[in-house]
Amino acid sequence: MKKNAAKKAFIIGHPISHSLSPAMHGYWLEELGIDGSYEAINCPPEYLHKTVKKLAETGYVGGNVTIPHKEKVMMICDEIDENARKIGAVNTLVFEDKKIYGYNTDIIGFMENIKPASDKNIPHKNALILGAGGAARSIILGLKNSGAKVTIVNRTLEKAEKLAKEFGAEFISWDKQKELYPQIDLLVNTTSIGMKGENNYKFDFSTLNKNAVVTDIVYTPLKTEFLKSAENAGCRIIDGMGMLIHQGVPGFEKWFDATPEPSQKLYDFLAAKLK
Ligand code: ATR
């Protein structure tokens with residue numbers, strides 16, 4: 001690599017055109033006056049190994065990994081950090097000293113996003129997580145690491161049970177979730193319910209604890225039906241855009257040696273792109 005050459009990073013996925021990450025990292029690069037780039041790479045699964053190796057060999061500093069490659073990319077990493085290993089997925093790669101390092105920054109993204117509403121009291125929180133798929137894992141780990149009591153509820157009970165055992169959490173069946181509503185402090189939707197064009201499920205939050213903080217990892221649309229129902233029930237809501245923004249910070253720091261700001265201006269800039 002040429003001395004002082006512009007640093008190049010990427011996001012790799014399939015499909016990738018919908019990703020807001022290039023706009024976000026491009027915004028930060030410009031804001032911080034860094035001579036660098038962040039490009040979207042559309043890569044079908046069968047070419048993942050070859051493509052990542054090539055990127056590492058051709059001067060890229062690293063990048064993000066998204067659907068459907070987050071699990072498979074672990075096989076290409078030389079070293080994987082503990083959180084990524086426990087979650088079973090890597091979303092951030094760093095190429096350094098001829099090695100490929102894998103991290104999972106979703107856990108930081110989620111925890112930072114709920115921080116303003118968590119009044120530094122997470123260890124005493126009673127959290128209910130809806131869903132037991134891949135997206136639930138970083139959230140459950142983040143909350144367990146912080147000392148919260150975590151209960152998992154999922155349409156397919158066996159998946160909730162398996163995850164609860166793995167992470168030392170509780171689990172309940174889908175039709176029992178309402179029984180917990182009055183006692184919970186934090187409610188997180190990690191299911192695909194409410195995603196653009198996805199299945200619609202009607203939540204009845206009439207008995208939800210009014211002091212509960214309710215968040216959704218879906219950000220298309222920004223205010224999902226799930227969040228609207230919680231807001232109508234008088235709860236504080238946090239949308240999923242902040243998680244996307246906060247998960248991007250550690251990667252940017254590692255690739256470009258600068259700390260980007262997860263500002264309201266950036267939030268508005270990205271929100272405008274969803275319209
Ligand atoms: P991801 O990796 O993004 O989490 P996933 O593994 O497909 O995606 O998981 C999707 C989650 O949404 C699952 O918990 C799924 O429940 P099941 O395990 O029972 O399939 C949940 N989900 C999707 N549609 C749902 C619906 N209509 N009602 C309840 N849960 C739903």
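Start at 1 and go down the list; that is how both ligands and their atoms are numbered.
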Taking only heavy atoms of Ser192, which atoms of ligand 1 are found under 4.0 Å from at least one of them? 12 (O), 23 (C), 24 (N)

Distance-only N or O hit between ligand 1 and Gly131, under 3.5 Å: no

Hey, does Tyr201 come in under 3.5 Å of ligand 1, counting only N/O atoms on both sides? no

Would you mind running through ligand 1 and noting each atom that sits below 4.0 Å from a heavy atom of Trp174? 29 (C)

So, Asn42 versus Tyr47: side-chain donor-acceptor pair below 3.5 Å or not? no

Using heavy atoms and a threshold below 4.0 Å, how should the contact between Lys159 and ligand 1 be classified: side chain, backbone, both, or neither? side chain

Number the atoms of ligand 1 from 1 as they appear, then name those within less than 4.0 Å of a heavy atom of Thr191, with their elements. 11 (C), 12 (O), 21 (C), 22 (N)

What do you reckon, does Ala132 have a nitrogen or oxygen under 3.5 Å from a nitrogen or oxygen of ligand 1? yes

Within the 4.0 Å heavy-atom cut-off, what Asn154 brings close to ligand 1 is side chain

Mind checking whether Phe269 and Tyr27 have parallel, tilted or perpendicular rings, split at 30° and 60°? tilted

Separation between OG1 of Thr58 and NZ of Lys53, rounded to the nearest 0.5 Å: 13.0 Å

Under 4.0 Å from one or more heavy atoms of Ala135, ligand 1 contributes atoms 1 (P), 2 (O), 3 (O), 4 (O)

N or O contact, Ile193 vs ligand 1, cut-off under 3.5 Å: no

Donor on one side chain, acceptor on other, Asn91 and Thr105, under 3.5 Å: yes

What is the ring orientation for Tyr101 with Tyr103, classed by angle as parallel under 30°, tilted 30 to 60°, or perpendicular over 60°? parallel

Any side-chain to backbone donor/acceptor pair from Ser263 onto Leu266? Under 3.5 Å, distance only. yes

Okay, side chain of Asn64, backbone of Thr92: is any donor-acceptor separation there less than 3.5 Å? no

Numbering the atoms of ligand 1 from 1, which are under 4.0 Å from a heavy atom of Gly133? 4 (O), 6 (O), 9 (O), 14 (O)

Assign the ring pair Phe256 / Phe252 to parallel, tilted or perpendicular, where the plane angle (0 to 90°) is split at 30° and 60°. tilted

